[in-house]
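The block underneath contains the structure these notes are about, expressed in structure tokens.
Positions are given from 1, in the same order as the sequence printed here. In each ligand, atom 1 is the first atom listed, and ligand 1 is the first ligand listed.
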Amino acid sequence: MENIRVELGDRSYDILIGNSILENTGTKLKTFNFSPKIALVSNELVFSLYGEIVSESIRKAGFDLLTVIIPDGEQYKNIETLQYIYNELLKYKLDRKSALIALGGGVVGDITGFAASTYMRGISYIQIPTTLLAQVDSSVGGKTGIDHKLGKNMIGTFWQPKLVLIDTNTLSTLEKRQFLAGLAEVIKYGIIWDPELFQFIEENKEKIIGLDSNSLNYIIKRSCEIKAEIVSQDERESGVRAILNYGHTIGHAIETVTKYTRYLHGEAISIGMCLEAELAQLLNIIEPSEVIKIKDLINHCGLPCYLPGDIDKIEIISSMYFDKKAVAGKLKFILPERIGKVRIEKNIPEEILKKTLKL
Ligand code: NAD
Ligand code: GLY
């Protein structure tokens with residue numbers, strides 16, 4: 001089992017990565033000073049696959065367990081589902097020393113983390129992420145939240161988990177499209193931070209997509225190490241953490257304009273990473289050969305790289321100004337200088353942006 005530490009003073013925690021480690025959940029819980037009541041939040045699909053093994057392990061370790069099943073899907077990451085979770089926790093009399101466990105993808109992780117951060121002014125929680133995206137990104141770093149009718153992830157907190165437990169075996173049941181969307185975030189870590197990781201994906205993409213266990217362990221471990229290092233340096237995104245948003249300025253606009261129905265997050269981010277690399281090239285920040293490498297890898301991993309002609313590009317631009325990353329009407333872009341190094345740019349001339357979008 002690999003162990004990566006997120007260093008945040010008295011809020012530091014471990015990320016444990018291994019195969020078939022769900023059955024260790026109970027033993028790991030016992031290493032904390034939680035009260036005997038524990039609540040696990042999941043959805044029907046994930047609970048039917050992994051609920052029993054996790055629940056049994058928790059009960060075996062001597063805890064009383066409440067299971068809260070929420071509906072599956074981003075459209076349920078909202079205040080109504082949150083209210084349902086609070087109701088269940090209050091009825092069960094979960095106390096301030098209790099812990100919540102999030103078993104699922106990023107949706108379950110985000111809403112459970114938000115519930116934990118607000119229930120009785122904040123209780124502990126543990127992430128057991130079961131999608132690749134959640135394992136390499138959303139379960140680490142303490143961003144929690146729900147969506148608002150007027151915008152995605154608009155209500156949230158920074159609240160770090162006490163532990164992240166990643167069982168890579170859970171990826172065997174994940175739909176390929178979901179897996180590839182998670183892989184987009186791994187490619188992102190290569191571009192923003194680690195050329196060796198980028199090269200590893202280039203050389204091992206068939207193995208990774210075929211779920212070869214050593215390759216998976218390597219990319220997940222390396223992604224978590226990078227995220228842990230960035231979050232340790234800048235927990236609340238006042239500096240370097242912003243680089244995790246590479247591909248997101250254009251990517252989020254694509255998701256908004258297509259109403260979150262056409263692309264998975266990782267797919268929209270893939271188009272965003274390709275276009276933001278092209279933007280960097282137009283600004284002479286990066287060599288064309290590096291941009292080709294970025295676009296080739298995204299393409300070869302079965303991810304989209306181009307903005308389809310039927311998407312309104314004017315709408316894409318105006319949507320960028322409504323993003324929560326835009327401050328005082330200024331867009332913020334993370335632009336690659338080369339594979340492994342990015343910079344933050346705030347003053348991009350609109351005509352270059354239009355040229356990037358072929359307007
Ligand atoms: P998701 O949670 O919706 O999961 C995708 C689908 O896979 C769901 O249908 C889910 O039930 C299913 N699933 C989960 N694990 C499975 C498994 N092992 N086998 C089979 N099916 C499985 O989507 P996601 O991509 O994991 O997360 C997206 C969410 O994460 C978004 O809400 C996004 O805003 C959030 N997010 C948060 C952060 C953060 O830092 N907090 C970062 C990135 C994304
Ligand atoms: N997913 C971006 C972040 O955690 O900052």
Flag yes if more than 12 heavy atoms outside Glu287 fall under 6.0 Å of its CD atom; otherwise flag no. no
Would you mind running through ligand 1 and noting each atom that sits below 4.0 Å from a heavy atom of Asn153? 34 (O)
Walk me through it: do Ser213 and Thr168 pass the test side chain to side chain contact (heavy atoms under 4.5 Å, CB included)? CA-CA 8 Å; Ser213 145; Thr168 53; 5.8 Å; no
Within the 4.0 Å heavy-atom sphere of ligand 2, strictly under, residues: Asp137, Lys143, Lys227, Glu237, Arg241, Leu244
Among protein heavy atoms, which lies nearest atom 22 (C) of ligand 1, and at what distance? Leu174 CD1, 3.6 Å
Where does His265 meet ligand 1, judged by heavy-atom distances below 4.0 Å: at the side chain, the backbone, both, or neither? neither
Audit row: Ile38, Asp64, side chain to side chain contact (heavy atoms under 4.5 Å, CB included) steps and yes/no: CA-CA 6 Å; Ile38 295 280; Asp64 294 329; over 6 Å; no
If you count every heavy atom of other residues, nucleotides or ligands that lies below 6.0 Å from Ile79 atom CD1, does the total exceed 12? no
Atom 14 (C) of ligand 1: nearest protein contact (heavy atom, Å): Thr131 CG2, 3.2 Å
Of the protein's non-hydrogen atoms, which lies at the shortest distance from atom 20 (C) of ligand 1, and what is that distance? Thr173 O, 3.1 Å
Test Glu202 against Lys293 for salt bridge (Lys or Arg N to Asp or Glu O under 4.0 Å), laying out the working first. CA-CA 9 Å; Glu202 275 180 324; Lys293 275 179 152 187; 5.1 Å; no
Going by the atom numbers of ligand 1, which of them fall below 4.0 Å from some non-hydrogen atom of Lys77? 31 (C), 32 (O), 33 (C), 34 (O)
Is ligand 1 under 4.0 Å from a heavy atom in the side chain of Leu133, in the backbone, in both, or in neither? side chain
After noting the C-alpha distance and the side-chain angles of Glu225 and Arg222, does the key distance pass the salt bridge (Lys or Arg N to Asp or Glu O under 4.0 Å) rule? CA-CA 5 Å; Glu225 281 171 351; Arg222 196 59 203 120; 2.7 Å; yes
Check whether any heavy atom of Lys152 sits under 4.0 Å from an atom of ligand 1. yes
Record the part of Lys143 in heavy-atom contact with ligand 1 below 4.0 Å; permitted values are side chain, backbone, both and neither. both
More than 12 heavy atoms of other groups within 6.0 Å of Glu196 CD: no
Ligand 1 to Asn43, heavy atom cutoff 4.0 Å, flagged ligand atoms 10 (C), 11 (O)
Over 60° means perpendicular and under 30° means parallel, so classify the ring planes of His265 and His248, tilted if in between. perpendicular
Taking 4.0 Å as the limit for heavy-atom contacts, which would you say applies to Leu45 with ligand 1: side chain only, backbone only, both, or neither? side chain
For Leu45, run the side chain to side chain contact (heavy atoms under 4.5 Å, CB included) check against Asp72, Thr173, Thr130 and tell me which one passes. Asp72
Counting only heavy atoms, which portion of Val46 has something under 4.0 Å from ligand 1: side chain, backbone, both, or neither? side chain
Part of Thr144 with heavy atoms under 4.0 Å of ligand 1, whether side chain, backbone, both or neither: neither
Set out, in order, the CA-CA distance, both residues' side-chain angles and the distance that settles side chain to side chain contact (heavy atoms under 4.5 Å, CB included) for Phe333 and Met320, then state yes or no. CA-CA 10 Å; Phe333 282 94; Met320 284 187 225; 3.9 Å; yes
Tell me, yes or no, whether the heavy-atom count around Arg96 atom CZ, taken from other residues, nucleotides or ligands under 6.0 Å, exceeds 12. no
closest protein heavy atom to atom 43 (C) of ligand 1 is Asp137 OD2, 3.4 Å
Check against salt bridge (Lys or Arg N to Asp or Glu O under 4.0 Å), Arg262 and Glu255: CA-CA 8 Å; Arg262 181 154 168 182; Glu255 288 183 283; over 6 Å; no
Under a 4.0 angstrom heavy-atom cut-off, which atoms of ligand 1 come close to Leu49? 19 (N), 20 (C)
Can you pull out the closest protein heavy atom to atom 10 (C) of ligand 1? Residue, atom name and distance to 0.1 Å, please. Asp72 OD1, 3.6 Å
Residue part near ligand 1, for Asp110, under 4.0 Å between non-hydrogen atoms: side chain
Among all protein non-hydrogen atoms, which one is nearest to atom 3 (O) of ligand 1, and what is the separation to 0.1 Å? Val107 CG2, 3.4 Å
Would you sort out whether Glu23 and Lys60 count as a salt bridge (Lys or Arg N to Asp or Glu O under 4.0 Å), showing the intermediate values? CA-CA 10 Å; Glu23 58 221 47; Lys60 253 195 187 155; over 6 Å; no
Does Leu264 approach ligand 1 within less than 4.0 angstrom via side chain, backbone, both or neither, non-hydrogen atoms only? neither
Please lay out, stage by stage, how Phe179 and Thr131 fare under the test side chain to side chain contact (heavy atoms under 4.5 Å, CB included). CA-CA 7 Å; Phe179 179 84; Thr131 62; over 6 Å; no
Under 4.0 Å between heavy atoms, the region of Thr130 that gets near ligand 1 turns out to be both
Subset of ligand 1 atoms that lie under 4.0 Å from at least one heavy atom of Gly105: 2 (O), 26 (O)
Tell me whether the count of non-hydrogen atoms from other residues, nucleotides or ligands lying under 6.0 Å of NZ in Lys313 goes above 12. yes
Taking atom CD of Gln75 as the centre, report whether more than 12 heavy atoms of other residues, nucleotides or ligands fall under 6.0 Å from it. yes
Is atom OH of Tyr76 surrounded by more than 12 heavy atoms (other residues, nucleotides or ligands) closer than 6.0 Å? no
As an exercise, state the distance from CG of Leu307 to CG of Leu275, rounded to the nearest 0.5 Å. 6.0 Å
For Thr170, the atoms of ligand 1 under 4.0 Å from one of its heavy atoms are 17 (C), 18 (N)
Do me a favour and list the nearest non-hydrogen protein atom to atom 23 (O) of ligand 1 with residue, atom name and distance? Gly106 N, 4.1 Å
Starting from atom 6 (C) of ligand 1, find the nearest protein heavy-atom neighbour and note its residue, name and distance. Gln178 NE2, 3.7 Å
Quick one: which ligand 1 atoms are inside 4.0 Å of a heavy atom on Tyr50? 18 (N)
Ligand 1 versus Glu175: contacting region, heavy-atom distance under 4.0 Å: neither
Is it true that atom CD of Glu44 has more than 12 heavy atoms of other residues, nucleotides or ligands lying nearer than 6.0 Å? no
